[in-house]
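Letters go in sequence order (proteins before strands), and every chain restarts at 1. Bear in mind that the values here come from a model prediction, so they are computed numbers and not experimental data.
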Amino acid sequence: MQNKYQNTNVKELLQKAPIDININIKGWVRTKRSSKGGFSFIELNDGSNINNIQIIADKKLDNYQDEIEHLRAGCCISVQGLSVKSQGKNQNIEIHAHKIQILGTVQDDYPISKGRISLETLRTMPHLRPRTNTIGAVMRLRSHLSHAIHNFFNQRDFCYLNTPIITASDCEGAGEMFGVTTNDKNDFFKQPAQLTVSGQLEAEAFALSLGKVYTFGPTFRAENSHTSRHLSEFWMVEPEVAFNNIDDNMQLAEDFLKSIIKSALTHCQDDMNFFDMRIEKGIINKLENICQSDFIRLSYTDAIDILTKSNKKFEYPLNWGCDLKSEHERYLCEEYFNAPVILTNYPATIKPFYMYCNDDGKTVRGMDVLVPGIGEIIGGSERETRVDIITKRMEQSGIDLHAYQWYLDLRRHGSATHAGFGLGFERLVQFVSGMSNIRDVIPYPRTPGHL
RNA sequence: UCCUCUGUAGCUCAGUGGUAGAGUAGGUGGCUGUUAACCACUUGGUCGUAGGUUCGAAUCCUACCGGAGGAGCCA
């Protein structure tokens, strides 16, 4: 048994720290500290976690002068060796190499060295940037968050629904859409087709039959927005629940965010520690506090009240009926409460047709969840169920009723109270990691003018 | 789309009218249970592009291109 080399990875090796075992490990060199006289220290990373394993390469190895001495950051190697307790201070375990095989060297123009590279520069090489600590950590976190979302809904008996990516309906006229056609411009679908901006309307149909559903998929907006919080292609999570009212909806959103964040704190400790140290100091503490405190619930009317009574000078004027701007949301969330805030009961005039009209005739049961540093992370509502009212509101919004007969059918046949929300997945990854630019939390960012 | 900032070595940056610099990465040599290793030497740049002002422009002016931040819009 001792002669056989066991395959393993860096994460497992560091966790179990087995001593005097022959192991085989493959990965990419992060750094090398070497000498011609003695031996070299190689730090190896294989992506299984953020930490490296230290390899000791003695000069007696056959290929020491020819190959090992020339290793640099980025080279891919396979190591067979003995795991031993480390004499050094920064690690418990290390590997004394019996054999090091070079799987892939790097050319002179390899751009990633062990020195600092800005995130901005890394964006110019999306295929190589996952080899850095930061992007690697972000992508592992992103993967975990994705699993956590599915687990959350699965545990609550939600049905995972795949809504179409190619659609015929322009949901709520929310933003510009990308057209879909063939290269020769034939009207392939015999009618105009677009990439989806939301799966909400389709999800409503399935909520009113399966009860609890959620979508989690790509979403497209052709808005020409150039900010650190917008992408042309992003991923959205959209639960939709029959018999839920606006209060249930708020509770679901709060439970959801807390559950996902807790999961990340529990299962992504190494990466979270990295974010806390290098990306946003104190983020772990901030997230823990959010999990423990209640989200503030505030009506639009009360929000306007707080804002007008504050002595803060805002660029945009405030009066009941106007939409809240970023500066207002930021003040409420980051200064006044310094906690997540759920805003509700907005004026009907500034919200889409599908939100339930309150008895006052002026406000609708919409909600926005605001978090410090990001702003709006969730938007949702209790849906309008009364066919006469929703028809009127669609007409007022200039929506072609013809194309939405199926949607009105949902109100004509077996209608029920229901509610849901949408969460921008990349904004969640941003919030949990502390990364300031949304382009750095998706593998291949798509933004205006840039693929 | 609007406003502001920015573009100098592979990377991170300094250099406000007078011969293009540092650190780091890469190379060579040395040394060491090292860990942001260390010591010495060294390769490397049409200063985003195109015009203009000037005896002389990385530096001043104009236009264009790229990047970032903010706003609007949203998730």
Side-chain angles (χ1 to χ4, degrees), chain A residues 30-44 51-59 69-74 84-91 94 96 106-125 128 132-133 171-176 197-200 218-238 278 314-316 323-327 329-330 350-352 368-371 374-380 421-431 436-440 442 447-450:
Chain A
R30 276 289 154 82
T31 75
K32 184 198 55 157
R33 298 176 285 274
S34 70
S35 78
K36 286 208 167 144
F39 44 85
S40 297
F41 299 93
I42 298 166
E43 286 200 36
L44 197 67
N51 300 306
N52 307 322
I53 185 76
Q54 178 164 277
I55 312 289
I56 315 297
D58 194 273
K59 68 174 176 185
E69 268 189 0
H70 298 288
L71 288 175
R72 48 177 284 208
V84 299
K85 190 166 169 54
S86 177
Q87 299 169 34
K89 286 172 184 167
N90 294 1
Q91 61 278 322
E94 65 191 19
H96 285 193
V106 301
Q107 306 294 305
D108 288 344
D109 59 349
Y110 184 65
I112 298 176
S113 58
K114 62 180 165 184
R116 299 248 156 79
I117 309 182
S118 67
L119 290 166
E120 188 183 325
T121 300
L122 287 172
R123 266 172 233 150
T124 66
M125 35 181 145
L128 295 176
T132 63
N133 282 337
C171 176
E172 63 180 288
E176 295 295 311
V197 294
S198 164
Q200 180 200 315
T219 310
F220 307 86
R221 303 274 168 94
E223 289 292 347
N224 189 18
S225 34
H226 202 229
T227 83
S228 54
R229 304 180 308 283
H230 288 87
L231 290 165
S232 308
E233 175 183 292
F234 64 100
W235 286 63
M236 191 149 66
V237 181
E238 295 178 289
R278 296 292 180 83
F314 295 112
E315 194 185 335
Y316 288 87
D323 208 351
L324 296 181
K325 306 292 185 189
S326 289
E327 56 174 347
E329 294 181 345
R330 193 162 296 154
I350 59 170
K351 289 292 178 184
D368 283 351
V369 181
L370 313 176
V371 293
I374 304 286
E376 185 182 342
I377 196 168
I378 282 178
F421 60 82
L423 166 103
F425 182 55
E426 282 73 19
R427 287 188 183 174
L428 176 72
V429 182
Q430 264 189 291
F431 183 62
S436 53
N437 196 310
I438 201 167
R439 298 171 194 118
D440 299 326
I442 187 167
T447 52
H450 190 68

NZ/NE/NH1/NH2 to OD/OE distance under 4.0 Å, A:Glu69 and A:Lys59 = no
Any base atoms under 4.0 Å from [X], or only sugar-phosphate, or nothing? Heavy atoms, all strands.
X	value
A:Thr124	nothing
A:Glu94	base
A:Ile378	sugar-phosphate
A:Asn437	sugar-phosphate
A:Asp323	sugar-phosphate
A:Gln54	base
A:Phe220	nothing
A:Glu315	nothing

Between [atom2] of [N] and [atom1] of [X], the distance in whole Å:
X	N	atom1	atom2	answer
A:Arg72	B:rU28	CZ	C1'	16 Å
A:Ile53	B:rU35	CD1	P	18 Å
A:Arg221	B:rG72	CZ	P	17 Å

Examine [N]: is either OP1 or OP2 under 4.0 Å from a nitrogen or oxygen in the side chain of [X]? Give yes or no.
X	N	answer
A:Arg439	B:rG67	no
A:Arg33	B:rA37	yes
A:Arg330	B:rG70	no
A:Arg123	B:rA68	yes
A:Lys114	B:rA37	yes
A:Thr227	B:rC74	no

How far, in whole Å, is [M] from [N] if one measures between their [atom1] atoms?
N	M	atom1	value
B:rC64	B:rC2	P	11 Å
B:rG72	B:rU12	P	31 Å
B:rA20	B:rA9	C1'	10 Å
B:rG21	B:rA58	C1'	12 Å
B:rG23	B:rC38	C1'	16 Å
B:rG48	B:rA22	C1'	22 Å
B:rA14	B:rU8	C1'	10 Å

Report the base-pairing partner of [N] (Watson-Crick or G-U wobble, both distances below 3.5 angstrom), or none.
N	result
B:rG18	B:rC55
B:rU35	none
B:rA71	B:rU1
B:rG7	B:rC65

With 3.5 Å as the limit, what N/O pairs link the protein to nucleotides 10-13 of chain B?
residue : atom : partner  : partner atom : Å
B:rC11  : O2'  : A:Arg116 : O            : 2.5
B:rU12  : OP1  : A:Ser118 : N            : 3.2
B:rU12  : OP1  : A:Ser118 : OG           : 2.6
B:rU12  : OP1  : A:Thr121 : OG1          : 2.7

Pairs: protein N or O with nucleotides 1-7 of chain B N or O, under 3.5 Å:
residue : atom : partner  : partner atom : Å
B:rU1   : OP1  : A:Asn224 : ND2          : 3.4
B:rU1   : O4   : A:Asn224 : O            : 3.1

### Message
Any side-chain to backbone donor/acceptor pair from A:Gln54 onto A:Gln91? Under 3.5 Å, distance only.
### Response
no
*Under the 3.5 angstrom rule, does the side chain of A:Arg330 hit a backbone N or O of A:Gly375 as a donor-acceptor pair?*
no
Please tabulate, one pair per line, all N/O donor-acceptor pairs under 3.5 Å involving side-chain atoms of residues 116-123 of chain A, not counting sequence neighbours.
residue  : atom : partner  : partner atom : Å
A:Ser118 : OG   : A:Thr121 : N            : 3.1
A:Ser118 : OG   : A:Thr121 : OG1          : 2.9
A:Arg123 : NE   : A:Asp440 : OD1          : 2.8
A:Arg123 : NH2  : A:Asp440 : OD2          : 2.7

Hits for side-chain hydrogen bond (donor to acceptor under 3.5 Å, both in side chains) against A:Asp323, two or more places apart or cross-chain, chain-then-number order -> none
Check every atom of [options] against the side chain of [X] and return the nucleotide holding the closest atom.
X	options	result
A:Ser86	B:rG69, B:rG67, B:rU34	B:rU34
A:Asn90	B:rU35, B:rC73, B:rU34	B:rU35
A:Tyr316	B:rA37, B:rA71, B:rU34	B:rA71

Practice item. Indicate whether the side chain of A:His230 and that of A:Thr227 have a donor and an acceptor atom separated by less than 3.5 Å. Key: yes
Reading nucleotides 39-47 of chain B from 5' to 3' and marking B where a protein heavy atom lies under 4.0 Å of the base, S where only the sugar-phosphate is that close, and - otherwise, the string is ---------
Quick note, salt bridge (Lys or Arg N to Asp or Glu O under 4.0 Å) partners involving residues 229-238 of chain A, not counting sequence neighbours, are none
